[in-house]
Protein chains: 2
Amino acid sequence: MNTIHKSIQSSGGRLTKIKKAITDILSQSCCLLTKQELVNQLKAIHIKPNRSTIFRELGFLTKHNVIIKNTIVGIDYYEIPKGHHHHLVCMGCKSISKVEFGNHLEKQEQQIAKENKFKILNHSLEFYGYCHKCQV
Amino acid sequence: MNTIHKSIQSSGGRLTKIKKAITDILSQSCCLLTKQELVNQLKAIHIKPNRSTIFRELGFLTKHNVIIKNTIVGIDYYEIPKGHHHHLVCMGCKSISKVEFGNHLEKQEQQIAKENKFKILNHSLEFYGYCHKCQV
DNA sequence: ATATTTGCAAACGTTTTGCATAGTG
DNA sequence: CACTATGCAAAACGTTTGCAAATAT
């Protein structure tokens, strides 16, 4: 049983076929998935949950921080919160990939926190443009 | 007639009371506004448009880049695209303010573009935490 | 055995659409 | 005058809810 499965259980959830499948698919994906893409991948392995079940599962997993919901240019994406990374958003094919970034923002973060008397806990950074395939 | 009013007209839109009011309110706001906050501010100056009119106006203005729609932690905010800035998102009072940032990300941007063969045109950066008032 | 999860159908709220009238350029 | 904008009512859409049966621990 992996870390994600454990965190589902410690949130009071049960390790059902659907929860397992959703988190496995998201874990193995290199990019962020929409609800629809997720449902399609579930279908591919012959899991066809009811609409309301999908809403409830995604709600549960998001609420307990097992997965993260991220709205980018108006579309909701889901991903596993793994490591610190940012996103490359392709305005051509609309795919969103993850990119490692390290701690390059730390200094600016401290300065901004000081100037604005704002306690910064976290940040998100998205780069918009065109992926290799979509550059002509 | 200001720049925003001109850009409405050059998009084929007419300078109606509602369009003027929406863009004026957003221009003068130091923070990002939700649709509801916008509607409330319109009410305050005795403009009470129909629901569908609000949707249509925000749609028009967003489509023609007169205003920007930004979804942050699940809530849609509207703002005027003015200068390059980022956002401080207070997890306490849920207010979102703008913060100037300069070009500090340029080097990292170039590196990421190179490593991922990704043509970066733009980026967005949000800092999450607690504003001065909400820090206890 | 008990509490959670699921599917189904109905309810709900938001967003969109068609059309007639009003308003802008 | 031509074309956009508006309000209204109806339709469409996504999401949520109540309940009974199925499933996990």
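Scope of the values below: all heavy atoms of this structure, side chains included, with no hydrogens, waters or symmetry mates. Every chain is numbered from 1 and lettered A, B, ... according to where its sequence line falls, protein lines coming before strand lines.
In summary, the aromatic rings of A:His86 and A:His123 are positioned with their centroids under 6.0 Å apart.
We find that CD1 of A:Ile47 is positioned 15 Å from C1' of C:dG7, with the value rounded to whole Å. Rounded to whole Å, atom P of C:dT4 lies 17 Å from atom CD1 of A:Ile18. For the pair A:Leu58 CG and D:dT16 C1', the computed distance is 14 Å after rounding to whole Å. Computed from coordinates, the A:Ile54 CD1 to C:dT5 P distance equals 14 Å when rounded to whole Å. Rounded to whole angstrom, the span from the CZ atom of A:Phe60 across to the C1' atom of C:dT4 amounts to 9 Å. Following rounding to the nearest Å, A:His5 (NE2) and D:dT25 (P) show an atom-to-atom distance of 11 Å. Taking atom CD1 of residue A:Ile8 and atom P of nucleotide D:dT23, one finds them 19 Å apart after rounding to whole Å. Atoms NZ (A:Lys6) and C1' (D:dT25) sit 17 Å apart, rounded to a whole Å.
Where B:Gly12 and B:Lys48 meet DNA chain D, the nucleotide closest to each residue was compared, and B:Gly12 sits on the side nearer the 5' end.
Residues forming a salt bridge (Lys or Arg N to Asp or Glu O under 4.0 Å) with A:Glu57 (at least two apart in sequence, or on another chain): A:Lys19.
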Which atom pairs, donor and acceptor, lie under 3.5 Å between side-chain atoms of residues 65-72 of chain B and protein residues at least two apart or in another chain?
residue: B:Thr71; atom: OG1; partner: B:Asp76; partner atom: OD1; Å: 2.6

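B:Ser11 places a side-chain N or O within donor-acceptor distance of the main-chain N or O of B:Ser7, the cut-off being under 3.5 Å. Looking only at distances, a side-chain donor or acceptor of A:Asn50 sits under 3.5 Å from a matching main-chain atom of A:Ser52.
Residue A:Glu100 comes nearest to A:His84 through the heavy atom pair OE1-O, 3.4 Å, listed as atom of the first residue, atom of the second, then distance. Here the closest non-hydrogen pair linking B:Leu105 and A:Leu105 is CD1-CD1, 3.7 Å.
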What are the atom names and distances for every N/O pair under 3.5 Å that joins the protein to nucleotides 21-25 of chain C?
residue: C:dG23; atom: N2; partner: B:Arg14; partner atom: NH1; Å: 2.5
residue: C:dT24; atom: O2; partner: B:Arg14; partner atom: NH1; Å: 2.5
residue: C:dG25; atom: OP1; partner: B:Gln9; partner atom: NE2; Å: 3.2
residue: C:dG25; atom: OP1; partner: B:Leu15; partner atom: N; Å: 3.2

Check: protein-nucleotides 9-17 of chain C nitrogen or oxygen pairs below 3.5 Å:
residue: C:dT15; atom: OP2; partner: B:Lys35; partner atom: NZ; Å: 3.4

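With a 6.0 Å radius and a threshold of 12 heavy atoms from other residues, nucleotides or ligands, B:Lys119 has its NZ atom at or below the threshold. Open room surrounds NZ on B:Lys107; 12 or fewer heavy atoms of other groups in view lie less than 6.0 Å from it. A:Lys48 NZ: more than 12 foreign heavy atoms inside a 6.0 Å radius.
Residue pairs meeting the ring-ring contact (aromatic ring centres under 6.0 Å, His included) criterion with at least one member in residues 18-72 of chain B, sequence neighbours excluded: B:Phe60-B:His64.
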Under a 3.5 Å cutoff on both atom distances, Watson-Crick or G-U, what's the dot-bracket for DNA chain D ([ ] crossing, | other strand)? |||||||||||||||||||||||||
